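Take a look at the structure below.
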Amino acid sequence: MKLLRTTTIALLMCASATAFTLRASAEMRPNIIIFYVDDLGWQGSQLNDVDSPCPYETPNVVKLAAQGMNFTQAYSAAPSCAPSRAGIITGQHPGKLRYTHVTFDNFPKNRPTEEFSEPYLGAHLRMDALTLATALKDNGYHTGHVGKWHLGLSSSLFGFDFSHEDRGVHRKTADRTKDFSTADDPKYPLSKIKYPPFSTKKPDGISYPYDGVTESALQFMEESDDKPFFLYLAHWMVHWPAMTRNGELLEYYCDKLGQPFPPKKGAQSLEGQNNPYFASMVSTVDWSLGRIVDHLEKTDDPRNPGKKLIETTYLFFSSDNGGATRHGQEVLSDNAPLKFGKTHGEEGGIRVPMVIRGPGIPKASQFDGLVNQLDYFPTILNLTKSAIAPEAKKTLSGLDITPVLLEGAPQIVDGQGAARKNLFWHFPHGQDSMKAALREGDFKLLKNYQTRDHSLYRLYKNGQRADLEEMKDLATDPQYTSVLKDLSAKLDRHLEENQVEGPYLNPAFKSKTKPSAEIQKVAFKAESRRASVRLRSPSPAIETAYVIYRDPPGVDKIKAKRGKESFDERLGMKMPATIASSGNTVVAQIPEGIDAFCFLLIDENNYQSFSDIQLAR
């Protein structure tokens, strides 16, 4: 497989004519579907098979690529799910949003053995962030979200007319070795229609349990009527728990992988892609994709007589991050030849499958340049002829890839016509994964926050695979000194321009070499609702300060009501506080209705400190 071959698209003039017809058609405002899988790695389907073939059968993903464009070097916005979802729905880089992991309102543990402290992120996505749903809704689209949201609060508060966040069929069972659906199951009845895979045991195919995520997506499309629709379908699979209610499918994979059925209880411990539960989840997601495409192929478009929905819909298929390889003692899957997996800036954590199909996109086409899910927002705005405010457009981090999709453009370019040069990531979390990364041309650079150095890998050489495994670190090789200097400067510039946050130093670290700010007193005046924190003297000055609105100790409304519309959106969010000119006192006004608070302080030595929670009474 030639991974860096920029595909020459056949019949370029025909494709351009199709694109012109699409844009000129007044009634043709296309529907948009983002089909988002959870934790499906670049090697987790039959799409980009390199080296050992993937045993998971994904005929509908393969069919989708045959009907559209496959992106062989596609990346998620982050190596974990919440920031990637934030990036795809806002079009802004997670580092820029300061929404870089799934820790939400969790305070860093600050163990004495750890030098660095993760940033505090807040309880949910910022309410003032323009979402793709809001943008399309304002431009006349019917908007729907089904499945996993994972950005705090509810998707209904972020521009979606239709919101269904149930887990569907992906609910943990008491005993995954035997708790399978039946034809008369009250919640998850098996389908009467048979679907792949086919086998000698089941030559006509198998039945699949009822899945509320898939059915809700179909319901939303049916209810869109005369409006173009935007559907964000985000599956909970193939995330943990590794399980399936489809006994026939599990048996199929046990047979294929040479394992007993039903499996023995306990963790699946075989290395590689040998977990039959995980395999079953991959095929279930593929089955869901097939159901969606089948509906598009069979359903008339009410806005365009004589056309089916498949002719007027763009479908974006991808995953939120690289594949998860383990959960506790359980081996889930394998991203080989890519290094590591989810929560890592190496290729296994950020490289993902991606296919886009729709009107004007040549069938069985391929693009081998660098593409990021942050490109979806500006691309979809163009495809749907939607407008947003100029200041909002300036905040978008991705690029419009419409010319690649519809005109056979060999490169992705910015608004000034300059070709994309690189992509970057920032992940200030996890003691073994706290890194920033940059991909440019043949090279991959990692900035290691823990060790304060860089790693440099040459993934390709003149377009051919070289060190895709990221095993040969070239950072200390004199031959690559200029490359290291150039790429590290570019990465630092990205981090600075996007004003990324963290990691910070941990004030509890037992071997710290500089002093950290020490809190002397936290006070609250009920009559004025003025809160303050004062440092001991001498103490490093405070450079950045926030107040965080909290629940009283012993109460946790943030987690209990995160998905409820009645939830007070201020809880768990950090608000700027005022620093006195001395640098050792911080004050903040606490609004009525807030029962407790704490301060977050970053001092001049880059230590992150938190005050105790104080009652606002």
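All values reported here derive from a predicted model rather than from experimental measurement.
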Regarding Ser154 and Glu165, do their side chains bring together a donor and an acceptor under 3.5 Å, going by distance alone? yes
Nearest heavy-atom contact between Ser76 and Trp425 is O-NE1, 2.8 Å
Looking only at heavy atoms, the pair that brings Pro94 and Ala78 closest together is CG-CB, 4.2 Å
Checklist line | Charged N-O contact under 4.0 Å between Lys63 and Asp286 | finding: no
Tell me whether Asp300 contacts the main-chain N or O of Pro302 through its side chain, where contact means a donor paired with an acceptor under 3.5 Å. no
Counting C-beta onward and ignoring hydrogens, is there a side-chain heavy-atom pair between Glu469 and Leu338 closer than 4.5 Å? no
Practice item. Report yes if the side chains of Ile356 and Ile361 come closer than 4.5 Å at any heavy-atom pair, otherwise no. Key: yes
In short, Ile206 meets Pro197 closest at the heavy-atom pair CD1-CD, 3.9 Å
> Just by distance, with hydrogens left out, do Tyr75 and Glu347 show a side-chain donor and acceptor under 3.5 Å apart?
Replying inline: yes
- Electrostatic pair Arg465:Asp51 at N-O distance under 4.0 angstrom: yes
Side chain proximity check, Pro353 to Leu40, heavy atoms < 4.5 angstrom: yes
Legend entry - Side chain Asn246, main chain Leu249, donor-acceptor under 3.5 Å: yes
*asked:* Between Thr384 and Ile32, is there a side-chain heavy-atom distance shorter than 4.5 Å?
replied: yes
Answer yes or no: is there a donor N or O on one side and an acceptor on the other, between the side chain of Ser365 and the main chain of Pro362, under 3.5 Å?
yes
May I ask you to say whether Glu223 pairs ionically with Lys227, meaning some side-chain N is under 4.0 Å from a carboxylate O?
no
**Asked** Taking everything shown except Lys194 itself, do over 12 heavy atoms lie less than 6.0 Å from its NZ?
**Response** yes
Open item on the list: Between the side chains of Glu297 and Lys308, is the shortest nitrogen-to-carboxylate-oxygen separation below 4.0 Å, so that they form an ion pair?
Closed with: no
Check your understanding: Can you check ring-ring contact (aromatic ring centres under 6.0 Å, His included) on Phe162 and His145, steps first, answer last?
Key -> CA-CA 6 Å; Phe162 181 100; His145 163 254; 9.4 Å; no
Output for pair (Tyr232 OH, Leu136 CG), nearest 0.5 Å, gives 14.0 Å
With a 6.0 Å cut-off on ring centres, are His142 and Phe220 close enough?
yes
*Taking the six-membered ring for Trp, are the ring centroids of Phe278 and Tyr56 within less than 6.0 Å of each other?*
yes
Criterion side-chain hydrogen bond (donor to acceptor under 3.5 Å, both in side chains) on Ser280 and Thr244, from CA distance to verdict
CA-CA 6 Å; Ser280 297; Thr244 179; 4.8 Å; no
Under a 3.5 Å distance rule, please check whether Thr131 uses its side chain to pair with a backbone N or O of Ile89 as donor and acceptor. no
Heavy-atom nearest pair, Phe367 first then Met69, reads CB-SD, 4.0 Å
Between the side chain of Arg420 and the main-chain N/O of Leu370, is any donor-acceptor distance below 3.5 Å?
yes
- Query: If we ignore angles and hydrogens, is there a donor and acceptor under 3.5 Å between the side chains of Asn70 and Asn48?
  - Reply: yes
With the threshold set at 4.0 Å, does a side-chain nitrogen-carboxylate oxygen contact exist between Asp225 and Arg303? no
Donor + acceptor pair across side chains of Arg439, Gln73 (<3.5 Å): yes
State whether Glu346 and Lys444 are salt-bridged, where the test is any N-O pair (Lys NZ or Arg NE/NH1/NH2 against Asp/Glu carboxylate O) under 4.0 Å.
-> no
Requested in this report: Using modelled atom types only, decide if a donor and an acceptor are shared between the side chain of Arg167 and the backbone of Lys172 within a distance under 3.5 Å.
Outcome: no
**Request:** Consider only side-chain N and O atoms of Asp301 and Thr312, and report whether a donor and an acceptor are under 3.5 Å apart.
**Result:** yes
d(Leu132 CG, Leu381 CG) to nearest 0.5 Å is 6.5 Å
task: Could you tell me whether the side chains of Ser163 and Ser156 share a donor-acceptor contact shorter than 3.5 Å?
output: no
- Message: Please evaluate residues Glu330 and Arg176 with respect to the criterion salt bridge (Lys or Arg N to Asp or Glu O under 4.0 Å), reporting the C-alpha separation (whole Å), side-chain torsions for both, the decisive distance (0.1 Å), and the verdict.
- Response: CA-CA 14 Å; Glu330 179 124 355; Arg176 65 175 179 171; 2.8 Å; yes
* Asked: Is a side-chain donor-acceptor pair under 3.5 Å present for Gln43 with Asp334?
  -> no
| message | I want to check something: taking the side chain as every heavy atom from C-beta on, are Arg291 and Asp294 in contact at a cut-off of under 4.5 Å? | response | no
| task | May I ask you to check whether Tyr141 and Phe229 place their ring centers less than 6.0 Å from one another? | result | no
Checklist line | Between Glu57 and Tyr252, a side-chain donor and acceptor under 3.5 Å | finding: yes
Note: Ser80 and Val102 closest approach over all heavy atoms is OG-CG1, 4.2 Å
**Prompt:** Taking the side chain from Thr143 and the backbone from Gly159, do they hold a donor-acceptor pair closer than 3.5 Å?
**Reply:** yes
Checklist entry - So with a 6.0 Å cut-off around NZ of Lys256, is the heavy-atom count from everything else above 12? => result yes
Review point. Under the 3.5 angstrom rule, does the side chain of Trp149 hit a backbone N or O of Gly152 as a donor-acceptor pair?
Key: yes
Only residue of Asp442, Asp473, Asp467 satisfying salt bridge (charged side-chain N to carboxylate O under 4.0 Å, His left out) with Arg458 is Asp442
Hey, do the aromatic rings of His150 and Phe104 have their centres closer than 6.0 Å? yes
Whether the Gln373 and Tyr36 side chains hold a donor-acceptor pair (N or O, under 3.5 Å, no angle test) is what I'd like checked. yes
* Asked: Has Arg245 got its NZ or CZ under 6.0 Å from the middle of the six-membered ring of Phe180, at an angle within 45 degrees of the ring axis?
  -> no
Between the CD1 atom in Ile401 and the CG atom in Leu383, the distance rounded to the nearest 0.5 Å is 8.5 Å
task: Check the pair Tyr460, Asn462 against side chain to side chain contact (heavy atoms under 4.5 Å, CB included), reporting the backbone distance first and the verdict last.
output: CA-CA 6 Å; Tyr460 301 95; Asn462 300 322; over 6 Å; no
Value for NZ (Lys192) from CG (Leu190), rounded to nearest 0.5 Å, stands at 12.0 Å
In this structure, CG of Leu446 is separated from OH of Tyr457 (nearest 0.5 Å) by 6.0 Å
query = Can you tell if the side chain of Arg85 reaches within under 4.5 Å of the side chain of Asp320, non-hydrogen atoms only?
reply = yes
Item to check | Donor-acceptor pair between His429 and Thr103 side chains, under 3.5 angstrom | outcome: no
NE2 of His426 to CE of Met434, rounded to nearest 0.5 Å, is 9.5 Å
- Using distance alone, with no hydrogens and no angle criterion, decide if Thr343 and Ser433 have a side-chain donor and acceptor under 3.5 Å apart. no
Side chain to side chain, Arg171 and Pro241, heavy atoms closer than 4.5 Å
no
Residues Ser319 and Asp39: closest non-hydrogen pair is OG-N, 3.7 Å
Judged by atom type as modelled, is there a donor-acceptor pair below 3.5 Å linking the side chain of Lys339 to the main-chain atoms of Glu470?
-> yes
Original post:
Tell me, do His235 and Asp38 make a side-chain contact under 4.5 Å, heavy atoms counted?
Top reply: no
| Does Gln268 offer a backbone N or O that forms a donor-acceptor pair with the side chain of Asn275 under 3.5 Å? | no
